[in-house]
Amino acid sequence: MGMLAFVVTTDPLDLGTIVNLVARRLEDAPASAGAVASFLGTVRNENQGRRVDRLEYEAYEPLAVKAFQRIADESSGRWPETHLAVHHRIGRLDIGEASVAIAAASPHRADAFAACRYAIERIKQIAPIWKHEYFEGGDVWVEGARADPEDEEARQTALRLACA
Amino acid sequence: MGMLAFVVTTDPLDLGTIVNLVARRLEDAPASAGAVASFLGTVRNENQGRRVDRLEYEAYEPLAVKAFQRIADESSGRWPETHLAVHHRIGRLDIGEASVAIAAASPHRADAFAACRYAIERIKQIAPIWKHEYFEGGDVWVEGARADPEDEEARQTALRLACA
Amino acid sequence: MRITIHLFARLRDIAGASDLVREVPVGATAHALWDGLTREFPDFAAYTDAVSTAVNEEYARMDSELSDGDEIAFLPPVSGG
Amino acid sequence: MRITIHLFARLRDIAGASDLVREVPVGATAHALWDGLTREFPDFAAYTDAVSTAVNEEYARMDSELSDGDEIAFLPPVSGG
């Protein structure tokens, strides 16, 4: 698992693993600087005023992995020298645990930051992953965006949030 | 060292250490999401057409640590629920090694990204740290910005680059 | 044609199954199959504007024509990250 | 007044020392001390517009008045990160 860039796993995530993975991909090309921007999303104890107990994430795994690859292709189309890795956890997650880890490496730190932010926005928009929230007194499937990778408006929103 | 937020060290940097450090500081407050944005700067093999062999970083250590704290204060003034950590390496660094690691945790991922980017820009602007570059056929002290924490124009530039 | 259907999250809960197999006429679209499911599981109807689909592990449009043996997934609004 | 001076990077290389101790008159500013150093080390002069300073491990302005026993650092343009 550690050597793959796009992963859905029940194992705890390790940010260092994917940071090293993308940093190594920079080494092939000569460059004056190496920048790795990374992101870790963690489970918090409150949502919409509800005291959250734990989450359970479910994925349509083969499509989720392809979605990450698709997002990386979009990213390297926009920021050519940038390399992306995404690991998403599924199954039961307790408060404080990491649900998603993203790393983006580039010779240019602006591109590394933009690609990393773009990736988390796109994951939230299109990755076939669902969050089941267990709170005090009940549980609910959290439902966000309609997953449509062709939705150009959504893609523009992600680019805008990435400050691109 | 691992438990301190603002560090100058000759030891290799570990991004996971500071990501965990700032993530834990989120746990005190109830929040619907936890986001940690992080940054790793690495030594590359080329600069201005010169084939770089290695770098040596030097710091005015007590002031550098205070500069990191100052940048964190600026950051938490702008993004109140955001926690920052900065570890900067000094001494000899070979190609591929990390010179600086930054982590910013926030309930809001936009703030985490902004604070992290702001921090690296401010470090480059004001931290009393110097890079001695050894390349094929010579060596040179790299000289960037005049270190003036009161320079409001520089601060606005950092905010703008942070997409704030 | 015989189509295998994958359901997730709340759709799975409503149907009481992750996977279904249904027969559809030649030329049937993803949308037609979905319409059939909303008659079978009335609570699906609330998702008609929000659902998206994948055929054989690739995103697809709701007007895609299906082929015998296809695997189709119906995706309720996502919440990863 | 006796002032301890810390030098870094290229300034240290020019002076050939990390730390200097110099006597300055009462009321002397950081700038006056710097001017003295540019006479002692002519290559410092190229840094007059670019140097910044810290007194007793706090950033300070070049027009800060010094006190006996102060430690002053002269900072050439920085290149951390």
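Chain naming here is simple, since letters A, B, ... match the order of the sequence lines and numbering starts at 1 in each.
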Side-chain donor-acceptor pairs under 3.5 Å in residues 60-68 of chain A, sequence neighbours left out?
residue : atom : partner : partner atom : Å
A:Lys66 : NZ   : C:Glu57 : O            : 3.1
A:Lys66 : NZ   : C:Glu58 : OE2          : 3.2

Practice prompt. State which residues pass salt bridge (charged side-chain N to carboxylate O under 4.0 Å, His left out) with B:Glu136; sequence neighbours excluded, sorted by chain then number.
Written response: none

Discussion item. The criterion is salt bridge (charged side-chain N to carboxylate O under 4.0 Å, His left out); which residues satisfy it with A:Glu153, sequence neighbours excluded?
Written reply: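 Salt bridge (charged side-chain N to carboxylate O under 4.0 Å, His left out) list for A:Glu153, sorted by chain: empty.
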
By a 4.5 Å heavy-atom criterion (distance strictly below it), what part of [X] contacts chain A: side chain, backbone, both, or neither?
X: B:Ala37; value: both
X: B:Val19; value: side chain
X: B:Ala110; value: both

Worksheet entry | Plane angle bin for B:Phe113 and A:Phe113 - parallel if under 30°, tilted between 30 and 60°, otherwise perpendicular |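 Correct class here is perpendicular.
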
Practice prompt. Give, as side chain, backbone, both or neither, the part of A:Ala101 having an atom under 4.5 angstrom from any heavy atom of chain B.
Written response: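 Contact with chain B involves no heavy atom of A:Ala101 at all.
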
Fill in: Toward chain B: residues of residues 114-123 of chain A with heavy atoms under 4.5 Å
A:Cys116, A:Arg117, A:Ile120, A:Glu121

Discussion item. Return the CG to CZ distance between A:Leu161 and B:Arg109, rounded to the nearest 0.5 Å.
Written reply: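 So the CG of A:Leu161 and the CZ of B:Arg109 are separated by 7.5 Å.
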
Discussion item. Within the structure provided, determine whether A:Ser38 and B:Leu15 are in side-chain contact (heavy-atom separation under 4.5 Å).
Written reply: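 Yes. Closest side-chain heavy atoms under 4.5 Å.
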
